[in-house]
**Student:** 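Submitted below is the structure of interest, expressed as C-alpha cells.
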Amino acid sequence: MAHPTTAARAYTGKAGDDDRIHLVDAPEHVLIDPAPYRTRCGERVFEVFNTPFTVTCQTCLATER
C-alpha cells in the first residue's frame, strides 16, 4: 500500500546499537516504517522518535540547517 505524499521534515532517531541520536529527513510515515530511510550521515534508520531529542551524532550535527 502506498503512503500519501507528505512533506519531509527532520526527525531524531537511532541508527544502530550505539546511543547516538541522529537526524532523519523523512515524511511522517517514517514513524511507522523507518526501514527504508537513512540518517543524514548515511546510516540505516532503526527507530524514529516523535518527540525531539538532542542530536549527538557529530556528522548529523554538521548538516543541521
Side-chain angles (χ1 to χ4, degrees):
M1 178 173 158
H3 295 285
T5 303
T6 58
R9 74 172 188 91
Y11 288 93
T12 53
K14 294 191 77 172
D17 295 334
D18 62 23
D19 289 332
R20 290 183 299 157
I21 303 296
H22 298 267
L23 286 169
V24 180
D25 294 315
E28 188 175 348
H29 66 264
V30 71
L31 297 167
I32 298 166
D33 183 16
Y37 296 94
R38 295 206 175 251
T39 64
R40 286 190 184 171
C41 67
E43 294 188 37
R44 288 186 184 270
V45 177
F46 175 71
E47 181 180 7
V48 175
F49 306 117
N50 197 20
T51 305
F53 285 87
T54 301
V55 176
T56 57
C57 171
Q58 294 304 309
T59 306
C60 285
L61 280 173
T63 67
E64 205 162 18
R65 299 173 191 138

**Student:** Under the side-chain contact (heavy atoms from CB on, under 4.5 Å) criterion, do Cys57 and Thr39 qualify, and how do the steps go?
**Tutor:** CA-CA 10 Å; Cys57 171; Thr39 64; over 6 Å; no
**Student:** Could you please spell out the steps behind the side-chain contact (heavy atoms from CB on, under 4.5 Å) verdict for Thr59 and Arg40?
**Tutor:** CA-CA 8 Å; Thr59 306; Arg40 286 190 184 171; over 6 Å; no
**Student:** Could you pull out all residues at least two apart from Arg44 that satisfy salt bridge (Lys or Arg N to Asp or Glu O under 4.0 Å)?
**Tutor:**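 Result, salt bridge (Lys or Arg N to Asp or Glu O under 4.0 Å) vs Arg44: none returned.
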**Student:** Looking at Thr63 and Cys60, what are the two nearest heavy atoms and their distance?
**Tutor:**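 It is OG1-O, 2.6 Å.
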**Student:** Which ILVMFWY residues can you reach from Val48 by hopping between side chains whose heavy atoms are under 4.5 Å apart?
**Tutor:**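 Answer for Val48: Tyr11, Val24, Val30, Leu31, Tyr37, Val45.
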**Student:** Only counting residues at least two apart or in another chain, list the ones meeting side-chain contact (heavy atoms from CB on, under 4.5 Å) with Phe53.
**Tutor:**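 Counting only residues at least two positions away or on another chain, Phe53 forms a side-chain contact (heavy atoms from CB on, under 4.5 Å) with Thr12, Ile21, Phe49.
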**Student:** With sequence neighbours left out, what residues match Asp17 under side chain to side chain donor-acceptor pair (under 3.5 Å)?
**Tutor:**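 Residues passing side chain to side chain donor-acceptor pair (under 3.5 Å) with Asp17: none at all.
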**Student:** Could you tell me the separation between the CD atom of Glu28 and the CZ atom of Arg9, rounded to the nearest 0.5 Å?
**Tutor:**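 So the CD of Glu28 and the CZ of Arg9 are separated by 7.5 Å.
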